[in-house]
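All remarks here apply to the structure that follows.
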Number of protein chains: 2
Amino acid sequence: MAIKKQRAARRTDALSKERIVEAAIEILDAGGEGALTFRALAAHLATGSGAIYWHVADKDDLLAAATDGVVARVVTDMTDGARPREAIRALALGLFDAIDAHPWVGTQLSRAPWLAALPQIFEGFGSRLEELGVPGSAQFDATSTLVIHVLGVAGQNAANARLHAHRTDRTAFLGSIADQWAQLDPAQYPFVRRVAAQLPVHDDREQFLAGIDLILDGIAALRQKPTPRP
Amino acid sequence: MAIKKQRAARRTDALSKERIVEAAIEILDAGGEGALTFRALAAHLATGSGAIYWHVADKDDLLAAATDGVVARVVTDMTDGARPREAIRALALGLFDAIDAHPWVGTQLSRAPWLAALPQIFEGFGSRLEELGVPGSAQFDATSTLVIHVLGVAGQNAANARLHAHRTDRTAFLGSIADQWAQLDPAQYPFVRRVAAQLPVHDDREQFLAGIDLILDGIAALRQKPTPRP
DNA sequence: ACCTGAACACCGTTCAAGT
DNA sequence: ACCTGAACACCGTTCAAGT
């Protein structure tokens, strides 16, 4: 008997960039960065891989749109009205938590600098520094230091998530690195050896926040001496 | 006439991980991250792509080794004996300059956290904080904040370098982003609009150092209040 | 032990052909 | 205008076969 090759039935709901990005986020959350391929995305959307290119320029465009979506949600959800220092800490923690929940966002933020998401983050930090009384000449550098801290931690966390994908539990994994650090040459690495024990037990989120506080303290010190060090 | 397929002559000098990494660095410096393929590397070394796998586990292993090589050179070259704050600034700048010269190192550092290079960087910053009189309980967080700043800027610079690969000159490129920022909604983005003008003219290296100074100032403030904020 | 290079399994992206 | 899916040009990685 003859087997007729059936063409796949055309979907009734039209494709759109919005639906494509939504599906991409689902795939990224479920399977990590490696799971997002145009073939997987096309299958998920019951279409051909070429159809996606009608709505999206390329993979970078797709990842940028997905990242912007997640970041926009965090920034928009920020409750206004808190005192500036608290608002800055809350925004930083909101971004940290979003990146923790979607590690692929961390990868994107740390490797795509001029993302549409960036002005939102910049504004969130910068406008609060203004309220804190940071002199105008120092605002750009101070804001960028806060942003860099968020993006830097984002990249490291995403990389850690990639390593953890293979089921190793976090404490055991950090423990094995701590062991390596503890075995380094005492003459060359006294500090690293001393700090190794803290590695498996430290809290990433608290350490991230400690960094934000350190930077904010440095910014506070700035108000006393308007002239930068030579 | 019959054309005999000549097998490529076997090289006289043996392959080694060292020679492979050296060649990889040459290719990365010359052509950027996209230029390093096992085929290109095999051609450069006049061998088969499979031969490389005898000495190197996979591409990640290769990139890690290349990155460690560059970082080790910076850390080793650091002149000792300067006052701790100056030593920290010098190490930070040394790393910045190395990443600036080899943007692919920035990509690696920002996406591969537990690189062999990391203990060297940690030790460089951490041991100096000890000399600065930072209390032991705060040393881990303070060191990691400095390291994150270096890695964060590394990632952003590498990403910028990827965008610049296509010949656009830096000021023009940043100018076009500044234009976009300047056109954002004044009600939602007052700070970003104000800061846009500084974007094309600012110096990345100085801004990086301003961030290091901010963190160091925050660390200095730490000595006065040993108990962390609740 | 080390090297060769074809083969495999996968990508992102393009494009003629369909509706 | 939008979609289909095969085809193209690449990858990293493996492996039988050579020396």
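The shown structure was predicted, so the numbers you read here are calculated from the model rather than taken from an experiment. Because only heavy atoms are used, hydrogens play no part in the values below, and waters and symmetry mates are left out as well, while side chains stay in. The sequence lines fix the lettering, A, B, ..., with proteins before strands; numbering per chain opens at 1.
Judged purely by atom type and a 3.5 angstrom limit, His102(A) has no side-chain atom pairing as donor or acceptor with the backbone of Thr67(A). No side-chain donor-acceptor contact under 3.5 Å links Gln139(A) to the backbone of Ser127(A). A distance-only check finds a donor-acceptor pair linking the side chain of Arg193(A) to the backbone of Leu184(A) [under 3.5 Å]. Checking side-chain atoms of Asp141(A) against main-chain N and O of Gln207(B) turns up no donor-acceptor pair under 3.5 Å.
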| query | For Leu129(B) and Phe140(B), what are the C-alpha separation, side-chain angles and deciding distance, and is it a side-chain contact (heavy atoms from CB on, under 4.5 Å)? | reply | CA-CA 10 Å; Leu129(B) 290 183; Phe140(B) 186 30; over 6 Å; no
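Here Leu36(A) lies in heavy-atom contact (under 4.0 Å) with sugar-phosphate atoms only.
Within residues 50-69 of chain A, the residues that have a heavy atom under 4.0 Å from DNA chain C are, in order of number, Gly50(A), Tyr53(A), Asp58(A), Lys59(A).
A salt bridge does not link Asp60(B) to Arg162(A): none of the charged nitrogens lies less than 4.0 Å from a carboxylate oxygen.
Ring geometry for Phe38(B) versus Tyr53(B): interplanar angle under 30°, hence parallel rather than tilted (30 to 60°).
The interatomic distance linking Phe38(B) (CZ) with dC15(D) (C1') rounds to 15 Å, in whole Å. Between Leu41(A) atom CG and dG12(C) atom C1' the separation is 12 Å, expressed in whole Å.
Paired runs in DNA chain D that reach 3 or more consecutive Watson-Crick or G-U pairs, where each pair keeps both distances under 3.5 Å, cover C:4-8 with D:12-16, C:12-16 with D:4-8.
Taking all atoms of both residues into account, the shortest heavy-atom contact from Ala40(A) to Ala35(A) is CB-O, 3.7 Å.
Nearest nucleotide to the Leu15(B) side chain, out of dT13(D), dC3(C), dG12(D): dC3(C).
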